[in-house]
Novice: 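Please find one structure pasted underneath; my questions will follow.
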Amino acid sequence: MAQEKFDLQKVHGSFERCLVGEEDVFIDAYLEAFKELYKFFSLMGTVFGFVSSDVKEKVEILEKLRKHQDHGEQFESIQKMMDYERDGNLLTKKDYVSGCRTLLRLHRGLDFIYLFLKRLGELETANANTCAVCQSSYNETLAQFHPWLIRKGAVMAMYAMPNRDHLLEKVCLDASTAIKLLPEMLAVARQVYDRTQALYTKYDLHGLP
């Protein structure tokens, strides 16, 4: 059975629903966006294997926390989650899987996918090489948090990437629609990223191990 294609419109809608108040982010909508982004990574095959398995695992952890009958409501938004885990001294508790730590990994992944898709959209020709923009986007973001062996494998795998239009046709429902929608999706994704970044700065949680 063919794998379900990546729908940029769904990502856009989910990220729009993330924004609550002036500074908070809804976790349910955030996870919906990442489930769709997971399809993008998966459809790329081994090129993004180092990201897709990690994204799937982290989304499942957060969904489990969100559905917990005793404290699920504490994971409704990022700010509520941070207050709950900080005030309950859960961030350093052994045998506890921290939602803040888990979401930080997705947040770093969003930085990479945002930069890659932005540069992909800026390529001027259909047959433009996507390898260079993917490598530079990775090296400027996620690579900073990966050990040498993963970095080397990821950069090597990117040499096999197709040109811009072949890549979009491979992963998207409609490549031409995706190119048109990309700027709007990136704008709202940036808002979500910036809010999340600001919350991690406010709570001083960027350094979670």
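Bear in mind that the values here come from a model prediction, so they are computed numbers and not experimental data.
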Novice: Mind listing the closest non-hydrogen atom pair of Cys134 and Met158 along with its distance?
Specialist: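 Closest pair (atom of Cys134, atom of Met158, distance): SG-SD, 3.6 Å.
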
Novice: Can you confirm whether Asp70 is buried at CG, in the sense that more than 12 heavy atoms of other residues, nucleotides or ligands lie under 6.0 Å from that atom?
Specialist: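 Enclosed: over 12 neighbouring heavy atoms sit under 6.0 Å from CG of Asp70.
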
Novice: Between atom OH of Tyr114 and atom OG of Ser137, what is the distance when rounded to the nearest 0.5 Å?
Specialist: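 It is 11.0 Å, given to the nearest 0.5 Å.
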
Novice: What is the distance from atom CD1 of Ile61 to atom OG1 of Thr102, rounded to the nearest 0.5 Å?
Specialist: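 Interatomic distance, Ile61 CD1 to Thr102 OG1, rounded to 0.5 Å: 4.5 Å.
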
Novice: Evaluate the side-chain contact (heavy atoms from CB on, under 4.5 Å) criterion for residues Val59 and Tyr38: first the C-alpha distance (whole Å), next the side-chain angles of each, then the deciding distance (0.1 Å), finally the verdict.
Specialist: CA-CA 10 Å; Val59 167; Tyr38 170 73; over 6 Å; no

Novice: Would you call the rings of His107 and Tyr193 parallel, tilted or perpendicular, taking 30° and 60° as the class edges?
Specialist: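 If you compare the ring of His107 with that of Tyr193, the planes turn out parallel.
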
Novice: Does some side-chain heavy atom of Phe26 sit less than 4.5 Å from a side-chain heavy atom of Val192?
Specialist: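 Heavy-atom side-chain distance check fails, nothing below 4.5 Å.
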
Novice: Determine whether Asp83 and Tyr203 satisfy the following criterion, side-chain contact (heavy atoms from CB on, under 4.5 Å), listing intermediate values before the conclusion.
Specialist: CA-CA 9 Å; Asp83 283 331; Tyr203 286 79; 2.7 Å; yes

Novice: Do any N or O atoms from the side chain of Thr130 and from the backbone of Asn163 form a donor-acceptor pair under 3.5 angstrom?
Specialist: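 No; zero donor-acceptor contacts below 3.5 Å.
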
Novice: Is there side-chain contact between Ser77 and Lys80, with heavy atoms separated by less than 4.5 Å?
Specialist: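 In short, these two side chains touch, coming nearer than 4.5 Å.
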
Novice: When you measure from the side chain of Arg17 to the backbone N and O of His12, does any donor-acceptor pair fall under 3.5 Å?
Specialist: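 Checked: no pair found.
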
Novice: Decide side-chain contact (heavy atoms from CB on, under 4.5 Å) for Leu19 and Val188; before the verdict, give the C-alpha distance in whole Å, the side-chain angles of both, and the deciding distance to 0.1 Å.
Specialist: CA-CA 9 Å; Leu19 304 171; Val188 72; 4.1 Å; yes

Novice: Between Asn139 and Gln135, is there a donor-acceptor pair closer than 3.5 Å when you use the side chain of the first and the backbone of the second?
Specialist: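 Side chain of Asn139 to backbone of Gln135: a pair is present.
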
Novice: Consider only side-chain heavy atoms of I, L, V, M, F, W and Y, link residues closer than 4.5 Å, and tell whether Leu115 and Ile179 are in one cluster.
Specialist: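 No.
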
Novice: Over all heavy atoms of both residues, which pair between Leu199 and Met82 is shortest? Give the atoms and the distance, please.
Specialist: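 Heavy-atom minimum between the residues: O-SD, 3.8 Å.
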
Novice: For Tyr96, does the OH atom have more than 12 heavy-atom neighbours from other residues, nucleotides or ligands under 6.0 Å away?
Specialist: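 For Tyr96, atom OH is crowded (more than 12 foreign heavy atoms under 6.0 Å).
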
Novice: Can you confirm whether Gln79 sits close enough to Lys202 that some side-chain heavy atom of one is under 4.5 Å from a side-chain heavy atom of the other?
Specialist: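 Side-chain contact under 4.5 Å: yes.
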
Novice: A quick test of your reading: do over 12 heavy atoms of other residues, nucleotides or ligands sit less than 6.0 Å from NE2 of His206?
Specialist: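 Yes, the 6.0 Å shell around NE2 holds more than 12 heavy atoms from other groups.
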
Novice: Would you call Lys118 and Glu122 a salt bridge, using N to O less than 4.0 angstrom?
Specialist: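 Glu122 and Lys118: salt-bridged.
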
Novice: Apply side chain to side chain donor-acceptor pair (under 3.5 Å) to Arg119 and Ser136, showing your working.
Specialist: CA-CA 10 Å; Arg119 289 174 177 174; Ser136 63; 3.0 Å; yes

Novice: Taking all non-hydrogen atoms of both residues, which atom of Arg105 and which atom of Leu208 are closest, and how far apart?
Specialist: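 In this case the closest contact between Arg105 and Leu208 is NH1-O, 3.5 Å.
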
Novice: If you round to the nearest 0.5 Å, how far is CG of Asp111 from CG of Leu106?
Specialist: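 Here the interatomic distance stands at 13.0 Å.
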
Novice: Report yes or no: is the cationic atom of Arg66 (NZ for Lys, CZ for Arg) under 6.0 Å from the centre of the six-membered ring of Phe75, at an angle within 45° of the ring normal?
Specialist: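 Because its charged atom misses either the 6.0 Å distance or the 45° angle limit, Arg66 does not stack over Phe75.
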
Novice: Lys152 and His146: side-chain contact (heavy atoms from CB on, under 4.5 Å), yes or no, with the steps?
Specialist: CA-CA 10 Å; Lys152 183 172 174 61; His146 287 162; over 6 Å; no

Novice: Does the pair Glu124/Arg164 count as a salt bridge with the N-to-O cut at 4.0 Å?
Specialist: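 Salt bridge between Glu124 and Arg164, a charged N being under 4.0 Å from a carboxylate O: no.
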
Novice: Give me the ring orientation class for Tyr138 and Phe112: parallel if the planes are under 30° apart, tilted from 30 to 60°, perpendicular past 60°.
Specialist: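 The arrangement is perpendicular - the two ring planes meet at more than 60°.
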
Novice: Is there a donor-acceptor pair under 3.5 Å between the side chain of Glu36 and the backbone N or O of Asp7?
Specialist: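 Yes; judged by distance alone, with no hydrogens or angles, the pair exists.
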
Novice: For the side chain of Lys5 and the backbone of Asp174, is there at least one donor-acceptor N/O pair under 3.5 Å apart?
Specialist: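 A pair under 3.5 Å: no.
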
Novice: What distance do Arg86 atom CZ and Thr92 atom OG1 have between them, rounded to the nearest 0.5 Å?
Specialist: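 Interatomic distance, Arg86 CZ to Thr92 OG1, rounded to 0.5 Å: 13.0 Å.
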
Novice: Indicate yes or no: at least one non-hydrogen side-chain atom of Leu43 is less than 4.5 angstrom from one of Phe48.
Specialist: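 No; the side chains remain at least 4.5 Å from each other.
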
Novice: Would you say the side chain of Phe41 lies within less than 4.5 Å of the side chain of Lys56, judging by non-hydrogen atoms?
Specialist: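 The answer is no; the side chains never approach within 4.5 Å.
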
Novice: Is it true that Asp194 and Thr196 share a donor-acceptor pair across their side chains at a distance under 3.5 Å?
Specialist: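 There is no such pair (donor and acceptor under 3.5 Å, judged by atom type) between the side chains of Thr196 and Asp194.
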
Novice: Hydrophobic cluster membership, with links at side-chain heavy-atom distances under 4.5 Å among I/L/V/M/F/W/Y: are Phe145 and Phe116 in one?
Specialist: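 The answer is no; the residues belong to distinct hydrophobic clusters.
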
Novice: Please indicate whether Asn127 has more than 12 foreign heavy atoms, meaning atoms of other residues, nucleotides or ligands, lying under 6.0 Å from its CG.
Specialist: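 Yes, enclosed.
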
Novice: Hey, any chance Ile27 and Val55 share a hydrophobic cluster, counting ILVMFWY side chains that come within less than 4.5 Å of each other, even indirectly?
Specialist: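 As far as the 4.5 Å side-chain criterion goes, Val55 and Ile27 are connected within one cluster.
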
Novice: List the atom of Leu123, the atom of Val133, and the distance in Å for their closest heavy-atom pair.
Specialist: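 Smallest heavy-atom distance, with atoms named: CD2-CG1, 4.0 Å.
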
Novice: Working to the nearest 0.5 angstrom, can you tell me the gap between Leu186 CG and Gln191 CD?
Specialist: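 Answer rounded to 0.5 Å: 12.0 Å.
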
Novice: Is the backbone of Leu142 close enough, under 3.5 Å, to the side chain of Arg108 for a donor and an acceptor to pair up by distance?
Specialist: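 Flag not set: sc Arg108 to bb Leu142 has no pair under 3.5 Å.
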
Novice: Taking side chain as C-beta onward, heavy atoms only, is Glu32 less than 4.5 Å from Asp28?
Specialist: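 The answer is no; the side chains never approach within 4.5 Å.
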
Novice: Do Tyr30 and Leu103 have side-chain heavy atoms sitting under 4.5 Å apart?
Specialist: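 Yes, side chains in contact.
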
Novice: Would you name the heavy atoms of Cys100 and Tyr200 that are closest together and state the gap between them?
Specialist: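 Where Cys100 meets Tyr200 most closely, the heavy atoms are O-OH, 2.5 Å.
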
Novice: Is there a side-chain contact between Leu8 and Leu173 (heavy atoms, below 4.5 Å)?
Specialist: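 A side-chain contact under 4.5 Å is absent here.
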
Novice: Quick one: closest heavy-atom pair of His71 and Leu65, and the distance?
Specialist: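 In this case the closest contact between His71 and Leu65 is CD2-O, 4.0 Å.
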
Novice: In Å, rounded to the nearest 0.5 Å, how long is the span from CG of Leu182 to CG of Leu120?
Specialist: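 Here the rounded value is 7.0 Å.
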
